[in-house]
Amino acid sequence: MMEKTFDPASVEARISSVWEQAQAFRAGRADRARADTFSIVIPPPNVTGSLHMGHALNNTLQDILCRFERMRGKDVLWQPGTDHAGIATQMVVERQLAERQEPGRRDMGREKFLEKVWAWKAESGGTIVNQLKRLGASCDWSRERFTMDEGLSRAVLKVFVDLHAQGLIYKDKRLVNWDPKLLTAISDLEVQQVETKGHLWHFNYPLEGKTYDPEDASTFITVATTRPETMLGDTAVAVHPENEKLGYLIGKKVLLPLVGRLIPIVGDTYADPEKGTGAVKITPAHDFNDFEVGKRHALPMINILDAEGRLLLENNEAFLAGVKSSDDLAIVMALHGVDRAPARKAIIAMMEERGLCPLIEPHLNQVPHGDRSGVVIEPWLTDQWYVDAHTLAQPALKAVREGKTSFIPKNWEKTYFEWLENIQPWCISRQLWWGHQIPAWYAPEGEVFVALTEVEAHAKAEKHFGHQVELKRDEDVLDTWFSSALWPFSTLGWPDDAPEVKRYYPTSVLVTGFDIIFFWVARMMMMGIHFMDEIPFKHVYIHALVRDEKGAKMSKSKGNVIDPLDLIDTYGADALRFTLSAMAAQGRDIKLATSRVEGYRNFATKLWNASRFAEMNGCARTVDFAPEKLTIDVNRWILGEAQKAVAEVSGAIEAYRFNDAANGAYRFVWNIFCDWYVELTKPILQGEDGPAKDETRATTAHVLDLIIKLLHPFMPFLTEELWAIKGAEGPARNSILALAVWPVLHGLEHEGAEAEIGWMVDLISEIRSVRSEMNVPAGAQMPLVLVGVSTDVQARAGRALDTLKRLARVSELSFAEVPPANSAQMIVRGALVALPLDGIIDISAEKTRLQKEIGKFEGEVKKIDAKLGNADFVARAPDEVVEENRERRGDAVSRIEKMKAALDRLS
RNA sequence: GGGCGCGUAGCUCAGCGGCAGAGCACUACCUUGACAUGGUAGGGGUCACAGGUUCAAUCCCUGUCGCGCCCA
């Protein structure tokens, strides 16, 4: 005997091991060698991370697809693995060292530090994988990969070396986004622009050859800046060439205050005459726009900051070039080694003291911050490695334009195009230790040799120089996303000649969030097409973000994070999964309320109890069940409904409409199977033994089996458990549910059965409604009179009597030509139905009720008449719409007539 | 500034040319032999606003207001 409720906690672990023992999720099962493949690569979570709600949604959706296709007989590969997450992981380990007051990474050195990181990976790396398993993810865990595995690392090296040989990776000195806390370059994407309240400082730069007089505008030019401290590195002032007021100054020179450097005023369209003062100071080494201006005018680039964002002035040849010593300069030089923030204050103070700062305005500006470190990013001039993303982007754009890869929902393609069309060189070197070290070696004079191994690099160097030289490897590692970009093929065994590459690439679909379209999706497209000559995936399904109940992004600092593991503990993995899929409508974020999870937990309980009911009533599966040979209408009817539900769910999953799929299954199980079929069949199941009972038992068991299959992609644990329980009776199962065959139903819709059962459902609903409105006590039984019905309907009513007694509390059934006096009356499918309420009925209440009903239908008739009275409508609307309106009108009119007659009889 | 999206029941959301829907919440009744994590019935809507297209607009178009997000 089954328990009264389903207990996820005790079942989930057991079911997981059932799947594991059956090796149910292994790709390339021998019995599916000839089957079509279906493959997905998991978006690899950070190896040391833990499961958050975004992962839960992402992996639930992937799992639904994989389980669905697996049941449809495909050879499914869901490729799992984790990402080494360079910066994030290195930061975690550094923080741990600090907390334990151990030596920092620089003190312990690269080798020892990396040992610590590997140790941390070994310790915590299993967490996320175990959490994914708890969610029920049906990955082929035997194929788990890690971006720093030996094989994947070889793929990274090969890609780097090949792209370098093709001129698509190169080293360049240009401005990068420099993180002064983490001491590394980062890519554009890792920079967050934060709107900050700041100021716009107006500085007067005296013109060469004039004596500065703040009252005389002809002696200076005023520039406006949000970054006053960078003035020390100014090498020009720019004015728009067509600037009417200031244009005449182009070609003249100014004396940079405090420093005494003579710098030109250049004409450049970058200086917007409308903004600030119309003149802008140019610091090519510390601003991306200024860098471009500097290149256009061949200006010197003077770097005045060190790696940690402190002023770098002493021994700074570029800074001191052409500058005479002065009192001011001496004061400035004393700022050497001072951090940029206090340095800013000092510079402003000096400018003010000298009467060179006439105005300070409040100003809102976008300040770049490192997304990991949170500190202000400095544009900084360094040597870094770059990928020629522009070249690689072209085929990636083309593939989506031509529809080889398509996004779902489609509007994300626009985002993808937008970014790839404007793509900048991708800075891939990071001044970190945790990651793939760049395979480049330097000779003492700086010549660089890129090779797969040190031995090869030496060979190349020897060929170049004609003799052996000492080589030193580049210290930097690659951006984590560099290895992620190879994920769809590196995990399959590339660059080795692995059969999996041929079989599973390109993958069927990629499921991910929109936040990493740039970081990841676009780069996989570029690398996949370049190295495999073939797109990495046919579809990209972009799902929403999971937010909290009020729509805020979940974050630790806000304290509004819902931990999916907590929900799994409380409500079960199935309830969480079902909630996420039911809410995963395309194009909208998910605002997650735990009340929804609770509701779907109740749904699990409902299904459990329906199964329990079946068990109690001996509903066992039979060997020779033939749905097309059923003889009882209610059984024919439920199979017709099941067929519709199966088609709906299958179609919705195929179209990535997960919410429609989940809701379709939900409605069928609760509102059709439980609410009606189980109730309608109770009289049969609890009646005498015989063929009717046998057929109904077998049908119940069969439909439950269909339901369990239909729900398996959404609720794998509960359904697998029920599959086992239901398998204990009747014929033995051929397989576990995860490998069972997805239902495909044909030709089971039965018109006669639908008429019979539909009528019964309408009749019962109508009787219940009237009883309730008439305040008939729930337990009271009352007779039912069908007025003026055909012998067919009389026979139908006779067949329904047991059910009517049970579900509508009917005591007896009779037929009449005229309704009895003092009855409540209703119209069911065109026929008048009366409930004699003598003694119970409140005549005035019944009159009110009838009048309300009449009013409702009169309103409808009025609306339809307005339409039908419109000649244009009749002439131009499709015939079936006109016809439908006529029918509805006829229906309504006949109801009104019957109800009016009923009203007359009530006096 | 450019782009994308959203305003539908008290709340969370579907629907997207032809009777306005679900879940939760609410109200009333029901400890009915699967399930109170349940059952039955019910109340609740100018589909943000203003124009336009159409025989017909919650749905398509334009604008306004409000709210998000992404990119400069």
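Convention: sequence-line order gives letters A, B, ...; per-chain numbering from 1. If you're wondering where the values come from, they're calculated on a predicted model, not measured in any experiment.
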For this session: Taking atom P in both rG1(B) and rC59(B), compute the distance separating them and give it to the nearest angstrom.
Result: 28 Å

Problem set entry | Nearest-angstrom distance from the residue atom CZ of F518(A) to C1' of rC69(B) | 12 Å

For this session: Would you indicate which nucleotide in rU37(B), rA14(B), rC55(B) comes nearest to any side-chain atom of R601(A)?
Result: rU37(B)

Seminar exercise, completed: Rounded to whole Å, NZ of K862(A) lies from C1' of rC19(B) at a distance of 17 Å

Exercise. Can you tell me if NE2 on H390(A) sees more than 12 non-hydrogen neighbours from other groups inside 6.0 Å?
Worked result: no

For this session: Could you check which nucleotide pairs with rG1(B) in any of the strands shown, counting Watson-Crick or G-U wobble with both distances under 3.5 Å?
Result: rC71(B)

For this session: Please report, rounded to the nearest Å, how far the C1' atom of rC35(B) is from the NZ atom of K4(A).
Result: 8 Å

Exercise. For V874(A), which contact category applies under a 4.0 Å heavy-atom criterion: base, sugar-phosphate, or nothing?
Worked result: nothing

Exercise. When you compare rG3(B) with rU53(B), how far apart are their C1' atoms, in angstrom units rounded to a whole number?
Worked result: 27 Å

Exercise. Short question: side chain of R697(A), backbone of N617(A) - any donor-acceptor pair under 3.5 Å?
Worked result: yes

For this session: Could you check if a side-chain atom of Q192(A) sits within less than 4.5 angstrom of a side-chain atom of I377(A), using non-hydrogen atoms only?
Result: no

Exercise. Considering only rC55(B), rA20(B), rU40(B), which nucleotide approaches the side chain of K863(A) most closely?
Worked result: rA20(B)

For this session: Have a look at E421(A) and say if it touches a base, only the backbone sugar-phosphate, or nothing, with a 4.0 Å heavy-atom cut-off.
Result: nothing

Seminar exercise, completed: Winner on side-chain proximity to A778(A), out of rA41(B), rC29(B), rA34(B), is rC29(B)

Exercise. Are N602(A) and rG38(B) close enough that a side-chain N or O sits under 4.0 Å from OP1 or OP2?
Worked result: yes

Problem set entry | is_close_aromatic(F6(A), W608(A)), centroid dist under 6.0 Å | yes

Exercise. Which whole number of Å gives the distance between the P atom of rU46(B) and that of rU31(B)?
Worked result: 37 Å

Exercise. Under 4.0 Å between a side-chain N or O of K867(A) and OP1 or OP2 of rA56(B)?
Worked result: no

For this session: Could you state the atom-to-atom distance from CH2 of W676(A) to P of rG39(B) in whole Å?
Result: 13 Å

Exercise. Across the strands shown, which category fits R771(A) at heavy-atom distances under 4.0 angstrom: base, sugar-phosphate, nothing?
Worked result: nothing

For this session: Would you indicate what S772(A) reaches in the nucleic acid, counting non-hydrogen atoms under 4.0 angstrom: base, sugar-phosphate, or nothing?
Result: sugar-phosphate

Problem set entry | Inter-nucleotide C1' distance (rG2(B), rC60(B)), Å rounded | 25 Å

Exercise. Expressed in whole Å, how much space separates the C1' atoms belonging to rU58(B) and rA50(B)?
Worked result: 16 Å

Exercise. Below 3.5 Å, does any donor atom in the side chain of E773(A) face an acceptor in the base of rA28(B), or the other way round?
Worked result: no

Problem set entry | W670(A) vs rG39(B): side-chain N/O to OP1/OP2 distance below 4.0 Å | yes

Exercise. Is there a Watson-Crick or G-U wobble partner for rG45(B) with both distances under 3.5 Å, and which nucleotide is it?
Worked result: none

Exercise. More 5' along RNA chain B: G599(A) or N617(A), using each one's nearest nucleotide?
Worked result: G599(A)

Seminar exercise, completed: In Watson-Crick or G-U wobble terms, with both distances under 3.5 Å, the base opposite rG33(B) is none

Exercise. Which part of the nucleic acid, if any, lies within reach of T415(A) when heavy atoms closer than 4.0 Å are counted: base, sugar-phosphate only, or nothing?
Worked result: nothing

Exercise. Less than 3.5 Å between a donor and an acceptor, one on the side chain of R888(A) and one on the base of rC19(B), is that the case here?
Worked result: yes

Problem set entry | Between rG7(B) and rA14(B) - C1' atom distance, rounded Å | 15 Å

Problem set entry | rU58(B) - base-pair partner by Watson-Crick or wobble geometry, distances under 3.5 Å | none

For this session: Could you tell me whether R768(A) contacts a base, only the sugar-phosphate backbone, or nothing, with contacts defined as non-hydrogen atoms closer than 4.0 Å?
Result: sugar-phosphate

Problem set entry | Interatomic distance where OH belongs to Y571(A) and P belongs to rC24(B) [whole Å] | 13 Å

For this session: Using both distances under 3.5 Å as the test, list the Watson-Crick or G-U wobble partner of rA25(B), or none.
Result: none

For this session: Give a yes or no on whether a donor-acceptor pair under 3.5 Å exists between the nucleobase atoms of rA34(B), that is its base, and the side chain of K682(A).
Result: yes

Seminar exercise, completed: Between OH of Y416(A) and P of rC4(B) the distance, given in whole Å, is 19 Å

Exercise. Does the side chain of F658(A) reach to within under 4.5 Å of the side chain of I64(A), using non-hydrogen atoms?
Worked result: yes

For this session: Provide the distance between the two P atoms, one in rC29(B) and one in rG15(B), to the nearest whole Å.
Result: 37 Å

For this session: Compare the minimum distances between each of rA34(B), rG42(B), rC55(B) and the side chain of S769(A), then state the nucleotide with the smallest one.
Result: rG42(B)

Exercise. Do the numbers put K682(A) on top of the ring of F613(A), so that NZ or CZ is under 6.0 Å from the six-membered ring centre and no more than 45° off the axis?
Worked result: yes

For this session: Could you work out the separation of rC49(B) and rU37(B) based on their P atoms and round it to a whole Å?
Result: 40 Å

Exercise. Rounded to the nearest 0.5 Å, what separation is found between the CE atom of M899(A) and the NZ atom of K856(A)?
Worked result: 8.5 Å

Exercise. Taking the side chain of N870(A) as its heavy atoms from C-beta onward, which of rC24(B), rA34(B), rC55(B) lies nearest to it?
Worked result: rC55(B)

For this session: Give R612(A) one of three labels, base, sugar-phosphate or nothing, depending on what nucleic acid heavy atoms sit under 4.0 Å from its own.
Result: sugar-phosphate

Seminar exercise, completed: Atom CD of E884(A) and atom C1' of rA56(B) are separated, to the nearest Å, by 13 Å

Exercise. Which part of the nucleic acid, if any, lies within contact of K856(A), taking any heavy atom under 4.0 Å across all strands shown: a base, the sugar-phosphate backbone alone, or nothing?
Worked result: nothing

Problem set entry | Neighbour count above 12 (heavy atom, 6.0 Å) for N671(A) CG | yes

Exercise. Base, sugar-phosphate, or nothing: which does Q686(A) touch, judged by heavy atoms less than 4.0 Å apart?
Worked result: sugar-phosphate

Exercise. Of the candidate nucleotides rA34(B), rG23(B), rA14(B), which contains the atom at the shortest distance from the side chain of K606(A)?
Worked result: rA34(B)

Exercise. Which comes earlier along RNA chain B counting from the 5' end, the contact point of W419(A) or that of R596(A), where each point is its nearest nucleotide?
Worked result: R596(A)

For this session: State plainly whether the residues E378(A) and R227(A) are in salt-bridge range, i.e. N to O under 4.0 Å.
Result: yes

Exercise. Now, which nucleotide makes the Watson-Crick or G-U wobble pair with rG7(B), with each of the two distances under 3.5 Å?
Worked result: rC65(B)

Seminar exercise, completed: Quick note, Y666(A) side chain, CB onward, closest among rG23(B), rA34(B), rG5(B) is rG23(B)

Exercise. Taking the side chain of V881(A) as heavy atoms from C-beta outward, which of rC19(B), rC4(B), rG18(B) is closest to it?
Worked result: rG18(B)

For this session: Measure the distance from CG on D865(A) to P on rC55(B) and round it to the nearest whole Å.
Result: 21 Å

